[in-house]
Structures are given as structure tokens and as C-alpha cells.
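First comes the structure, then the notes that go with it.
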Amino acid sequence: MNVLKIATAGSVDDGKSTLIGRLLYDTKSLTDDKLEAIEKTSKQKGYDYLDFSLATDGLVAEREQGITIDVAHIYFSTATKSYIIADTPGHVEYTRNMVTGASTSQAAIILIDARKGVIEQTNRHFFINNMLRVKDVIVAINKMDLVDFSEEKYNAIKADFEKLMAKREYQDQKITFIPVSALKGDNVVNKSENMEWYKGQTLLEHFEDLDRKDIFNVGTPRFPVQYVIRPKTDEFHDFRGFAGKVYGGELNVGDEVVVLPSMTKSKIKDIYFYDKKYKTATRRSSVTITLEDEVNVSRGDMLVKVGDLPTIGKEFTATVSWMDSDKLTTGKKYVVQHGVNKVLAKVDNIHHKINPDYSGVHAAINGLEMNDIAQVTFKLNKPIFYDSFKDHRTNGSFILIDPQTNTTAGAGFIN
């Protein structure tokens, strides 16, 4: 079954948690005891409706304040797809949580309150989804019931958002506008009878129709080796396979490949998925590959097609989303984890801080605080093999680890 991961983003009280709760309720994904708890709590609060936000806000502080703080992952399925929804907070101080939720998502929902329209936070949410090159974005104009399901109001918000779209760097993003009422259920799973003027799909219909090939960014094939398999049994006495996941494109039996960093050439002999052989390893498939020649390949090495090499270097510039309470300053050292490789890195230069609301950059800065986004150059103690993030989402991204505390201090996207 296909799995689709969706990130959500919206300002305080835009109704993200209610929308997700409504999705779970209308797809009959809520357990009886959870539904009973929602009914009971809604009555205790004096509501004459079910408060679906209770289905997702798991922290006590979230339920008390009626806001989302942590990134929660919610799982549900239909007959054709499995879904993972990253319910991310929308506040400015939780930018890092938003980046975390969107970084592994293939689609996103940006919520806009129909009463407020496009606000500063909307710019921030769109900027982050565009920076992370999330390919399919739904702009859900929520709380349409509070503006009398007005088509005029919907069109005005759509026009404002289209002005924002003109500022984006990543132009291949597909943007779809859907007017919804999460509380009443209009256009979430079922078609709205209150907005007959809207002829498009519901939220769930849109996700059900998404094709895997349309939501993953196509790049060149990269195969980082995670494990070398040597069974040493009588049946497989001389077997030497390289296990990993194919990213970006396809690899086929007979393809001439280069092993990085040794630059040794060979050809793909067999492709295994458990005990079955295949001619092709499609992108995002986890397989074991054997080569025709006895070449030295270790964990952390990478197989790429001949003539399709990534950049091999000890220096790069990247867009960094800073997530640590300790400041990032020039000269500091961190561990860069790029795929399965870890190398020591030094901050060489902080070029400028980027305002994630499309209002420009700050050049005169002496460090990065938590939730800042900036252009930073790093120097490494040994070479890595990387692509730019715009060309290869997986091989162009990395995380920064503080060697003193072992915390994930930041996430980076190579220019």
C-alpha cells in the first residue's frame, strides 16, 4: 500500500488539529474509547459539538491552551493509501518543529482562517514548504462556516496567496486551493452542500488521487551503502552484497557504476529484495546489490552511475535551520551527518540570516539563535559526496550534531 506523509502548517487557532481530527472521524479511524473521550470532554467544556482537536493535541499544555506545541504524527488508512500526518505547531518560536515535520513530507496542508486571510505566519509556512521543496501543497481556507461560505471571501484570499506564490524560488510546486470547514466537515472527506460554487475535490479526494511519481522529486540515482552482507553459509559462501536504499532514480542490472570515494568502477550483477531477484531497483526501494567485480565497498560508500557523479568536496555552503538553544557562531565545530556518513565540520562563514516571511535578509549578524535560518559555509575534515538540495532532496541534506551534548543542533540544505 502507498504511504503518503503530509505536513500541516497554520497559525494559532486556524484549526489544524480540528481538521486532522475531522479527517480521522470521517474516515472512521478513531477508536471507540478515543471517540468516547472526545464526546465526554466536549460536554464537560459546554460545547454543543465534538471538539476534534482533542484527537491530536496529546500534551496536557496543548489541551489546556488549545494550541499545538510538539510535532505529533498521526496515522490512518483508507482502502488505497496509508497516511502519516505531521501536526506541526504554527507559532514563530516553533519554526524548528515545522522544519522537522515538513522535511520528510511529500505533501503539505497550509491552513488559512477565512476571517483573517493571508497573514505574516502564512508567509512563513509557505516559505518553509517551498524551501524544503514539498511538491504538493494544499491551501485549505478553513472556517468557511464563519464567513457564510462566501465565494467572494474565498476568491479574495486565493488572490492574496497567489501574490505570495510569485515570490517563491521553487516553481515546480503544485498549489491547490480548497475551501473547508473542519468543524462542520465541509470538503474535508465529504463534499460540501453549503458551497455548491466550489467544483473541485475534497481534501481526502485530492490526497487519494496523488500519484507517487508526481510527489517525489526526481533526481539522479544515489545508493548509499548502509550494510555489507556476508552470510558465510554453505549456500552463500562467497556472497558479498551491499544493502541500502535507492534515492532519486532507478538502478538496473548491467548498469556501470562508480564506488565513491574510491572511484572504482564495476557493473551491477544482481539486485535482490530479500530472496527474490529483480532487474530494476526503483527509487526509494530498499535492496541488496551485488557487483560483477570483487571491489572494496564499506558502509558509508556510495554507488552512482558512471558519468553521473555528485560533487566530492571538503567545503560547501548551505541553508541552515538552527534548532539549538546554544548559538551557532563562526569557528564552532560540529559533526555533519550526511546520509550514513559522519564528518567533523567547522563553521567558516555565516553569510546572512534569511527572513522566512519573504521580507529579505540580514547581513550583519554574529551568530544564529534558535529558529533562525541562514546561509552558512562549512569546512570539513574529510570529503563527502553531495548534490545540491534542489537537485537531490536526500543527498543534498544533512543534520548538525553538537559533539559535546550529542543533540541535533540544526538541519541543512546544500546550495
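Note that the structure is a prediction, hence the values are computed from the model and not measured.
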Task: Residues Tyr272, Phe239; criterion ring-ring contact (aromatic ring centres under 6.0 Å, His included); working and verdict - done: CA-CA 12 Å; Tyr272 292 89; Phe239 185 89; 5.5 Å; yes
Task: Side-chain (Arg393) to main-chain (Gly248) donor-acceptor, under 3.5 angstrom - done: no
Task: Heavy-atom check, side chain of Phe126 versus side chain of Ile110, under 4.5 Å - done: yes
Open item on the list: Determine whether the aromatic ring centres of residues Phe316 and Phe398 are separated by less than 6.0 angstrom.
Closed with: yes
Task: Donor-acceptor contact present, side-chain Glu250 to main-chain Ala281, <3.5 Å - done: no
TODO: Flag the pair Leu4 / Ser82 as yes when at least one side-chain heavy-atom distance between them is below 4.5 Å, and no otherwise.
DONE: no
TODO: Go through the steps to decide whether Val246 and Thr282 satisfy the test side-chain contact (heavy atoms from CB on, under 4.5 Å), and finish with yes or no.
DONE: CA-CA 7 Å; Val246 183; Thr282 57; over 6 Å; no
Open item on the list: Using 30° and 60° as the class boundaries, would you call the ring planes of Tyr154 and Tyr198 parallel, tilted or perpendicular?
Closed with: perpendicular
Task: Nearest atoms (heavy-atom pairs only) where Gln201 meets His206 - done: OE1-CA, 3.5 Å
TODO: Give a yes or no on whether the ring-centroid distance for Trp197 and Phe149 is below 6.0 angstrom.
DONE: no
Task: Any Asp145 side-chain heavy atom under 4.5 Å of Asp186 side chain - done: no
TODO: Step through the shown structure and confirm whether more than 12 heavy atoms of other residues, nucleotides or ligands are within 6.0 Å of CD on Glu256.
DONE: yes
- [ ] Apply the test side chain to side chain donor-acceptor pair (under 3.5 Å) to residues Asp348 and Thr377: give CA-CA distance (whole Å), side-chain angles for both, the deciding distance (0.1 Å), then the verdict.
- [x] CA-CA 5 Å; Asp348 185 56; Thr377 296; 5.4 Å; no
TODO: Report yes if the distance between the aromatic ring centroids of Phe177 and Phe161 is under 6.0 Å, otherwise no.
DONE: yes
Open item on the list: Quiz question: by atom type and distance under 3.5 Å, do the side chains of Lys245 and Ser285 form a donor-acceptor pair?
Closed with: no
Open item on the list: If you take the centroid of each ring, where Trp contributes its six-membered ring, are Tyr25 and Phe76 closer together than 6.0 Å?
Closed with: no
Task: Donor-acceptor contact present, side-chain Asp148 to main-chain Ser150, <3.5 Å - done: no
Open item on the list: Hydrogens and angles aside, do Thr80 and Glu208 bring a side-chain donor and acceptor to less than 3.5 Å of each other?
Closed with: yes
Task: Spacing of CD1 belonging to Ile354 relative to NE2 belonging to His351, to within rounding of 0.5 Å - done: 10.5 Å
TODO: Could you tell me whether Gln44 atom CD has more than 12 heavy atoms of other residues or ligands within 6.0 Å of it?
DONE: yes
Open item on the list: Can you confirm whether more than 12 heavy atoms, excluding those of Lys327, are under 6.0 Å from its NZ atom?
Closed with: yes
- [ ] Taking all non-hydrogen atoms of both residues into account, name the closest pair between Tyr334 and Ala409 and its distance.
- [x] CE2-CB, 4.3 Å
- [ ] Evaluate side chain to side chain donor-acceptor pair (under 3.5 Å) for Asn252 paired with Thr280, printing each intermediate quantity in order.
- [x] CA-CA 4 Å; Asn252 302 288; Thr280 300; 2.6 Å; yes
TODO: Give, for atom CE of Met195 and atom CD1 of Ile141, the distance between the pair rounded to the nearest 0.5 Å.
DONE: 10.0 Å
Task: Test side-chain contact (heavy atoms from CB on, under 4.5 Å) applied to Thr290 and Ile271, Asp270, Ile229, the passing residue - done: Asp270
TODO: Please confirm whether the backbone N or O of Val361 pairs with a side-chain atom of Lys353, one donor and one acceptor, at under 3.5 Å?
DONE: no
TODO: From the options Leu24, Thr78, Thr202, Leu23, select the one residue that forms a side-chain contact (heavy atoms from CB on, under 4.5 Å) with Val189.
DONE: Leu23
- [ ] I would like to know whether Val134 and Gln106 meet side-chain contact (heavy atoms from CB on, under 4.5 Å); could you show each step before the answer?
- [x] CA-CA 6 Å; Val134 177; Gln106 294 93 43; over 6 Å; no
TODO: Decide if atom NZ of Lys379 counts as having more than 12 heavy atoms of other residues, nucleotides or ligands within a radius under 6.0 Å.
DONE: no
TODO: Please report the closest heavy-atom contact between Ala140 and Ile109, naming both atoms and the distance.
DONE: CB-CG2, 3.9 Å
TODO: Please indicate whether Lys43 has more than 12 foreign heavy atoms, meaning atoms of other residues, nucleotides or ligands, lying under 6.0 Å from its NZ.
DONE: no
- [ ] Determine the minimum heavy-atom distance between Ala114 and Ile157, stating which atoms define it.
- [x] O-CD1, 3.5 Å
Open item on the list: If you define the side chain from C-beta out and look only at heavy atoms, does anything of Val3 sit under 4.5 Å from Tyr75?
Closed with: no
Open item on the list: Ignoring hydrogens, what is the shortest heavy-atom contact between Met165 and Arg168? Give both atom names and the distance.
Closed with: O-CG, 2.8 Å
Open item on the list: Check whether Asn142 reaches the backbone of Ala182 with its side chain - one donor and one acceptor, N or O, closer than 3.5 Å.
Closed with: yes
Task: Polar side-chain atom of Ser105 near backbone of Ala108 as donor-acceptor pair, under 3.5 Å - done: no
Open item on the list: Any heavy-atom pair between the side chains of Pro221 and Asp308 that's under 4.5 Å?
Closed with: yes
Open item on the list: Using every non-hydrogen atom in the two residues, find where Arg299 and Val228 come nearest and quote the distance to one decimal.
Closed with: N-CG2, 4.2 Å
TODO: Go through the side-chain N and O atoms of Glu169 and Asn130 and say whether any donor and acceptor fall under 3.5 Å apart.
DONE: no
TODO: Go through Asn187 and Leu203 one step at a time and tell me if the side-chain contact (heavy atoms from CB on, under 4.5 Å) criterion holds.
DONE: CA-CA 6 Å; Asn187 287 335; Leu203 201 66; over 6 Å; no
Open item on the list: For Arg115 and Asp113: C-alpha separation, side-chain torsions, deciding distance, then whether salt bridge (Lys or Arg N to Asp or Glu O under 4.0 Å) applies.
Closed with: CA-CA 5 Å; Arg115 298 167 300 171; Asp113 187 327; 2.8 Å; yes
- [ ] With sequence neighbours excluded, tell me which residues meet side chain to side chain donor-acceptor pair (under 3.5 Å) with Lys333.
- [x] none
Open item on the list: Using modelled atom types and a 3.5 Å cut-off, is there a donor and acceptor pairing between side-chain atoms of His338 and backbone atoms of Asn395?
Closed with: yes
Open item on the list: Using a 3.5 Å distance criterion without hydrogens, assess whether the side chain of Asn341 forms a donor-acceptor pair with backbone atoms of Gly300.
Closed with: yes
Open item on the list: Would you say that more than 12 heavy atoms from the other residues, nucleotides or ligands in this model lie under 6.0 Å from the NZ of Lys191, or not?
Closed with: yes
TODO: Spell out, as yes or no, whether a donor-acceptor pair under 3.5 Å connects the side chain of Ser359 to the backbone of Asn355.
DONE: no
TODO: Decide yes or no on side-chain contact (heavy atoms from CB on, under 4.5 Å) for Thr8 and Leu19, but give the supporting numbers first.
DONE: CA-CA 10 Å; Thr8 60; Leu19 179 75; 5.7 Å; no
TODO: Could you walk me through whether Asp387 and Arg222 pass the salt bridge (Lys or Arg N to Asp or Glu O under 4.0 Å) test, one step at a time?
DONE: CA-CA 10 Å; Asp387 295 283; Arg222 303 285 183 246; 2.8 Å; yes
Task: Thr220/Lys305 under side chain to side chain donor-acceptor pair (under 3.5 Å): CA gap, chis, key distance, verdict - done: CA-CA 9 Å; Thr220 48; Lys305 285 185 178 180; over 6 Å; no
Task: For Lys143, side chain to side chain donor-acceptor pair (under 3.5 Å) partners two or more places apart - done: none
Open item on the list: Just to verify, which of Glu120, Arg124, Lys167 counts as forming a side-chain contact (heavy atoms from CB on, under 4.5 Å) with Tyr358?
Closed with: Lys167
Open item on the list: Can a donor-acceptor pair be found, under 3.5 Å and without considering hydrogens, that links the side chain of Lys81 to the backbone of Leu210?
Closed with: yes
